Amino acid sequence: MILTSRSYDEYRSMFDLTDGDLTGVTLDCAGGAAGFVAGAAAGGAEALAADPLYASGALALAERLPVDLAKGYDMISANRERFVWDWYGSVDRHREIRRAAGADFIADLRRRPGRYLAGGLPHLPLADACVDLVLCSHLLFTWARRFDHDWHRTAILEMCRVSRGEVRIFPLVNMGDGEPVDFLDRLRADLETLDGVPSECVRVPYEFQRGADRMLRVSAADSG
Ligand SMILES: C[S@@+](CC[C@H](N)C(=O)[O-])C[C@H]1O[C@@H](n2cnc3c(N)ncnc32)[C@H](O)[C@@H]1O
C-alpha cells in the first residue's frame, strides 16, 4: 500500500462528522499518514491513531512520504476519469491539500509520538471501551480482495470492542475499479444476527473515487 495523506477536512466529510461527534476521544484506525489526529488537536478535539506503519518511526516515514505522495499523484493523474473532482476543485488543489496534510502528520508524529500506536487489526493495542468513536478510512472494504468476509467481521468486532459509541468505515467499494463489495450485505446480516451489532449504510457529502460515497455506521454500544 502506498502512503497518502488525507486531511482533517476530508475526514470530516468522509465520515460526515459534526462538532458533536468529536467531543469524546476518537481513534483513527489505520491512520496511515493522514492529518486527522493533528487536525483534531488543532481544533481542540482529542484523537489518536493506530497503524502497523508507525513501528517504522518518524524519520523513515518522513523520508518515504514524499515518494509515495508523488506515486499517488501520478496514478491519479493517469486515471482522472475514475475520480470526482467536486470536493477538491482541481488536481492542483488536491495535491496541495494532501501535501499539507502529510506535513501536519509528520510534525504531529514528531511532537506527540504517543498519539500514534504501532498496531493493527484484528488486534488493537487498546483496552476495552477506551474511545468514543472509531474511524476507519480506506482499509476495510477498500482492500476486500485481500481481506475476506471473516477478516472484516473480526476487524469490525475488534473496533467495536475499543469503542464506547460508534465505528464508522469509509468507503464501501473496492480499490481501483470502485466495484461494490460482494460480501457487504452478508457481513452486515452476520454482524446483526450472530454478534448483535447493527449497522447502517449512510450517504456522505464526499466522493472522490467514483461511486465511493457511503460509509458504514456501526453501533458499538450494543456489542460485547
Ligand atoms: C490506504 S491507507 C489509508 C490511511 C488513512 N486511513 C487514510 O485514509 O489516508 C491504508 C492503511 O492501512 C494500514 N494497514 C494495513 N494493514 C493494517 C491492519 N491490519 N490494521 C491496521 N492498519 C493496517 C496501512 O499501513 C496503511 O497506512
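For clarity, every value in this text was computed on a predicted model and none was experimentally measured. Counting starts at 1 for both ligands and their atoms, in listed order. Below, each value reflects all heavy atoms present in this structure, side chains not excepted, and no hydrogens, waters or symmetry copies.
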- Given Arg98, Glu10, His138, which has its nearest heavy atom closest to atom 2 (S) of ligand 1?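 The residue whose heavy atom sits nearest atom 2 (S) of ligand 1 is His138.
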- Face-on cation placement of Arg95 at Tyr73 ring, 6.0 Å and 45° thresholds: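 Yes; both conditions hold, so Arg95 lies above the ring face of Tyr73.
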- Do you know which of Tyr11, Tyr116, Phe36 makes ring-ring contact (aromatic ring centres under 6.0 Å, His included) with Phe105?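 Running ring-ring contact (aromatic ring centres under 6.0 Å, His included) over Tyr11, Tyr116, Phe36 with Phe105 returns exactly one hit, Tyr116.
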- Between Tyr54 and ligand 1, find which residue part has any heavy-atom pair under 4.0 Å and reply side chain, backbone, both or neither.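 Contact part for Tyr54 vs ligand 1: neither.
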Look at [atom] and say which protein heavy atom is nearest, naming residue and atom and giving the distance to 0.1 Å.
{"atom": "atom 20 (N) of ligand 1", "value": "Leu121 N, 2.8 Å"}
{"atom": "atom 25 (O) of ligand 1", "value": "Asp51 OD1, 2.7 Å"}
{"atom": "atom 16 (N) of ligand 1", "value": "Leu139 CD1, 4.0 Å"}
{"atom": "atom 9 (O) of ligand 1", "value": "Arg6 NH1, 3.0 Å"}
{"atom": "atom 22 (N) of ligand 1", "value": "Pro52 CD, 3.3 Å"}
{"atom": "atom 6 (N) of ligand 1", "value": "Ala30 O, 2.6 Å"}

Heavy-atom closest contact ([X] atom, [Y] atom, distance):
{"X": "Leu22", "Y": "Arg12", "result": "CD1-NH1, 3.5 Å"}
{"X": "Thr26", "Y": "Asp21", "result": "OG1-O, 4.5 Å"}
{"X": "Val131", "Y": "Val25", "result": "CB-O, 3.6 Å"}
{"X": "Leu27", "Y": "Ala50", "result": "CD1-N, 3.9 Å"}
{"X": "Thr142", "Y": "Pro171", "result": "OG1-CD, 3.4 Å"}

Which atom pairs, donor and acceptor, lie under 3.5 Å between side-chain atoms of residues 175-183 and protein residues at least two apart or in another chain?
residue, atom, partner, partner atom, Å
Asp177, OD1, Glu179, N, 3.0
Asp177, OD2, Arg145, NH1, 3.4
Asp177, OD2, Arg145, NH2, 2.9

Is there a polar contact, in the sense of an N or O pair closer than 3.5 Å, between [X] and ligand 1?
{"X": "Leu53", "value": "no"}
{"X": "Thr4", "value": "no"}
{"X": "Asp28", "value": "no"}
{"X": "Ser137", "value": "yes"}

- Among side-chain atoms of Arg98 and Thr4, is any donor-acceptor pair under 3.5 angstrom?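 Per modelled atom types, Arg98 and Thr4 side chains form a pair under 3.5 Å.
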Taking 4.0 angstrom as the limit and counting only heavy atoms of [X], give me the atoms of ligand 1 inside it, by number and element.
{"X": "Tyr11", "result": "5 (C), 6 (N), 7 (C), 8 (O)"}
{"X": "Gly32", "result": "4 (C), 27 (O)"}
{"X": "Gly120", "result": "20 (N), 21 (C)"}

- Message: With the threshold set at under 4.0 angstrom, would you say Phe36 reaches ligand 1 through any of its heavy atoms?
- Response: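 No, that is not the case, since the closest heavy atom of the residue is not under 4.0 Å from the ligand.
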- Query: If you look only at pairs with a residue in residues 104-117, which of them pass as a salt bridge (Lys or Arg N to Asp or Glu O under 4.0 Å), with sequence neighbours excluded?
  - Reply: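 For residues 104-117, and leaving out neighbouring residues, the salt bridge (Lys or Arg N to Asp or Glu O under 4.0 Å) pairs sorted by first residue read Glu46-Arg115, Asp108-Arg111, Asp108-Arg112.
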